[in-house]
Number of protein chains: 2
Amino acid sequence: MLAREGRAPGGKAPEGYDKYAFEPFAVTVDLAVLTVRGGVLQALLVERGQEPYAGRWALPGGFVLPHESAETAARRELAEETGLSDVSGLHLEQLRTYTEPDRDPRMRVVSVAYAALLPDPPEPRGGGDAAQAQWLRYNALGPLAFDHDRILADAHERVGAKLEYTCLATSFCPPEFTLGELQQVYETVWGTALDRPNFRRKVLATPGFVEQIPGAARLTGGRGKPAALYRAGGAKALHPPLLRPTSEGRPS
Amino acid sequence: MLAREGRAPGGKAPEGYDKYAFEPFAVTVDLAVLTVRGGVLQALLVERGQEPYAGRWALPGGFVLPHESAETAARRELAEETGLSDVSGLHLEQLRTYTEPDRDPRMRVVSVAYAALLPDPPEPRGGGDAAQAQWLRYNALGPLAFDHDRILADAHERVGAKLEYTCLATSFCPPEFTLGELQQVYETVWGTALDRPNFRRKVLATPGFVEQIPGAARLTGGRGKPAALYRAGGAKALHPPLLRPTSEGRPS
DNA sequence: CCTCTTTATAGTCGTAATGACTATTAGTCG
DNA sequence: CGACTAATAGTCATTACGACTATAAAGAGG
């Protein structure tokens, strides 16, 4: 892990360290917080008040503090930006780390990006003195600050892929949900329509994906037949996976 | 990306920056370099000469230099440790970033881990003054230094998963290979035996996975019928995926 | 040179999974 | 009540897959 060669640049070597020097970087976390609301994929963004990129939307985030891990920092920022008192149940997953030397014009910043998934209803209350975070439609975003377009796109791609072979979709749903709502998560993230009976068959055939709440039902938007309610099951993976419809024609 | 709140600890704020301070960390890359040689999964490791963890095996790695990205640093280290002059064709993929505050007892080090895959024949020549890197069997590794056990396990898991739905396996193979060799990559990484005709059928049915080199054949270890030679095709993903045999019994 | 062993390759067969449907049920709205 | 909407049930043909059997082409050893 540590350099065994004298290639590192100038800088102070802390006591008890190698004889080799290193260059310190600032380390931050960036959060791609996603939710599905009414068939629309939304991301939590903050408006920058100062240069660079003043007035642009940016991902919420902040510095990793000296005694916390990036994961802890991400969860702390998530609580601050969403205003939720308990974020312990939310799905938070490390996405990738962005290290291009010029990604922040002011200084060298290495950012560990996380993707977080929220069920529908969270109010975007920014906590106290924080800049107000807002939910914006994933489509219909202008260019974001820094390399945040790429981070957000990577988050979308990752989440879309994980829907195929994990039970991740339930993280977008409240504790009790209908299969129609679950299907809408898939359709919204993938941007494709799915056949309802087939989706249903597949989900129910996967043990531990969802479990029915006996006797419970809910009117979906007031119209149509009431749907049975389900909650997330214990399974984490989908075997076999629920593949998104392939657009590629297969040459014989 | 940058803190909008005054929570960061003491430290100097660079010119043109927020009024908020930050704490600098050292940033390194760690490499999980894997290869399959003769049905055995091997990892490239270096022996530590000094405390902490003196005498233990560790992943190759080093500091990210001030003007390079982590990816660049990883490729530089990869070239140094393997002694290969051209590592541009090798598969190198960011794995995850490890940020636990106590992962290095000497100081705060954030490490961006990469997984690299090599075809069989590379000699483990450590370049020049570098500690000699060696190929060791993935099984039969004692505890490694720092959190490198975890990093290596994460790399193994990631690679195993990506074999299922990408064409990654060809990265373990030389430019020309037989289907038997390709199958051995799967079997070695997954640790399971596969049915040869079924594997063959699946690979050949996936357009762009491999393409046959017309007329070419090779004796596999001197015994048996000569096998046709293939090279990697243009495809990156496998649709549908090549799932590893599931050990889980499905309750009806 | 003949047979055994080894590895590659071809093909078969039944079952599971999937995509494209149709039909029925249970609600609201006007 | 009848139109409309959404959930749920079921059908059917095709594809994919796991478990096999069979054949082909090489070397080894007597």
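The figures that follow rest on heavy atoms only: side chains count, while hydrogens, waters and symmetry mates do not. Below, chains carry the letters A, B, ... as their sequence lines are ordered, and counting in each starts from 1.
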What nucleotide among [options] has an atom nearest to a side-chain atom of [X]?
X	options	answer
A:A227	D:dT8, D:dA26, D:dA28	D:dT8
B:D195	D:dA16, D:dC20, D:dG10	D:dC20
B:R196	C:dC21, C:dT9, C:dA17	C:dT9

query = Should the pair B:R37 and B:W135 be classed as cation-pi, given the thresholds of under 6.0 Å to the six-membered ring centre and 45° from the axis?
reply =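 So B:R37 does make the cation-pi contact.
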
Quick check on [N]: is either OP1 or OP2 less than 4.0 Å from any side-chain nitrogen or oxygen of [X]?
X	N	result
B:R201	D:dA16	no
A:K202	C:dT18	yes
A:R200	D:dA7	no

Most 5' of A:L242 and B:Y230 on DNA chain C, judged by nearest nucleotide =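 Its nearest nucleotide lies further toward 5', so the answer is B:Y230.
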
query = Of A:E181 and B:R223, whose closest DNA chain D nucleotide lies nearer the 5' terminus?
reply =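 Of the two residues, A:E181 wins.
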
Using whole Å, what does the distance between atom [atom2] of nucleotide [N] and atom [atom1] of [X] come to?
X	N	atom1	atom2	result
A:N198	C:dT22	CG	C1'	12 Å
A:R218	D:dA6	CZ	P	15 Å
A:F199	C:dA17	CZ	P	17 Å
A:H239	D:dG18	NE2	P	12 Å
B:Q183	C:dT9	CD	P	11 Å
B:L243	D:dG18	CG	C1'	13 Å
A:K225	C:dA23	NZ	P	17 Å
B:L229	C:dT7	CG	P	17 Å

task = Would you check if A:Y98 and A:F146 make a side-chain contact, meaning some heavy-atom pair closer than 4.5 Å?
result =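 Contact flag for A:Y98/A:F146 side chains = no.
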
query = Side chains of B:W57 and B:Q134: does their closest heavy-atom pair fall under 4.5 Å?
reply =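 The answer is yes; the side chains approach within 4.5 Å.
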
query = Taking 4.0 angstrom as the limit, do A:E176 and A:R218 come out as a salt bridge?
reply =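 Here A:E176 does not pair with A:R218 in a salt bridge, since their nearest N and O are not under 4.0 Å apart.
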
key: A:R75: partners by salt bridge (Lys or Arg N to Asp or Glu O under 4.0 Å), with sequence neighbours left out   =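 Per chain and number, A:R75 pairs via salt bridge (Lys or Arg N to Asp or Glu O under 4.0 Å) with A:E71.
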
